[in-house]
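A quick write-up on the structure given underneath.
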Amino acid sequence: MVDLTQAAHVVAPQLLGALLSSRVGGQTVTARITEVEAYAAVGIDPGSHAFRGQTPRTSVMFGPAGHAYVYFTYGMHWCCNVVTGEVGEAGAVLIRAGEITEGLALAHSRRVAARGDRELAQGPARLTQALGIDGELNGTALLQEGGVLTLRMPEQAATKVGVSARTGVGGAGALTPWRFFLPDEPTVSRYRPAKARGSRLAKGYVQNLDSELW
DNA sequence: CCGGTGATGGACT
DNA sequence: GTCCATCACCGGA
């Protein structure tokens, strides 16, 4: 069984294959998680929202594991994290992409721009949109039956896991390879290293590392 | 398939 | 004022 009170980068690869379901308006949409990113405890990860300490926005991250930290970004997008670690640590795993396995019609109605099933949840903001997740669900418990959001762990842990640097994180935070994904899954978002635009800095990052490296 | 760019608002320095 | 844990759309190849 997955222990969510462990560090985020330990929990993150174990969430690959997990099923995240939302029941909004009485209808269920389920995504099988194919890509995640880990954000470490307060003070040790410059890429984490919690790095500089607790603020009103990040208060959920400092609470107990197994709750959803949902935040708003770029003026229009929501992203969903699973809080990990002990209370006060503020670890989190960002759910970056998934395959919609239930509620395809409803997911398409929420994501009109998606050209096919694979694009429904291919990316963190696309996934929240397909599942109808927004800021109202910030702080929701994920491990209780009958909740609006439910996270069901995979029956078997993934044996083959892709590893890379995190997508939108630059600076010192880019040094830790804490993006994990299921190889050969079409729903994994295309890899775009931080600061790739016009910069040669991120060019050399490895896209797929052996799982032995972590 | 690929890279470039505008949209858009809130958190934080 | 600056920086985003991003997406959709456009044009070029």
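Numbers restart at 1 for each chain; the letters A, B, ... are given by sequence-line order, proteins then strands. Note that the structure is predicted; figures quoted are calculated from it, not measured.
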Provide the Watson-Crick or G-U wobble partner of dG12(C), both distances under 3.5 Å; none if there is no partner. dC1(B)

Touch check for Gly47(A), heavy atoms < 4.0 angstrom, all strands: base, sugar-phosphate only, or nothing? base

By the Watson-Crick or G-U definition, both distances under 3.5 Å, dT8(B) is matched with none

Short side-chain N/O contact from Arg52(A) to OP1 or OP2 of dA11(B), under 4.0 Å: no

Find the distance Met76(A):CE to dA8(C):P and express it as a whole number of Å. 10 Å

Grab the CD-P distance between Gln122(A) and dC7(C) for me, whole Å please. 9 Å

side-chain N/O Arg96(A) vs dT6(C) OP1/OP2, d < 4.0 Å: yes

Side chain of Thr58(A): nearest nucleotide among dC12(B), dT6(C), dA8(C)? dC12(B)

Side chains of Leu16(A) and Val36(A) in contact at under 4.5 Å (non-hydrogen atoms): yes

A side-chain contact here means heavy atoms from C-beta on lying under 4.5 Å apart; do Ile44(A) and Glu89(A) qualify? no

Quick one: is dA11(B) close enough that its OP1 or OP2 comes under 4.0 Å of any side-chain N or O from His49(A)? no

Rounded to whole angstroms, how far apart are OH on Tyr69(A) and P on dA5(C)? 9 Å

Under 3.5 Å, is there any donor-acceptor pair linking the side chain of Tyr74(A) to the base of dA7(B)? no

For the side chain of Thr55(A), starting at C-beta, report the closest nucleotide among dC4(C), dC12(B), dC7(C). dC12(B)

Going by atom types alone, do Arg166(A) and Thr176(A) pair a side-chain donor with an acceptor below 3.5 Å? yes

In whole angstroms, the gap separating P of dT6(C) from CD of Glu37(A) amounts to 7 Å

Nearest whole angstrom, please: distance from the C1' of dT6(C) to the CZ of Arg111(A). 11 Å

Tell me: OH of Tyr71(A) to C1' of dT8(B), nearest whole Å? 16 Å

Do Val188(A) and Arg179(A) make a side-chain contact, defined as non-hydrogen atoms from C-beta onward lying under 4.5 Å apart? yes

In whole angstrom, give the distance that lies between atom CZ of Phe51(A) and atom P of dT13(B). 11 Å

Is the distance between the ring centroids of His77(A) and Phe72(A) under 6.0 Å? no

Taken to the nearest whole Å, CZ/Arg57(A) to C1'/dC4(C) is 9 Å

Quick one: label Arg115(A) by what it contacts on the DNA or RNA (base, sugar-phosphate, nothing), any heavy atom closer than 4.0 Å. nothing

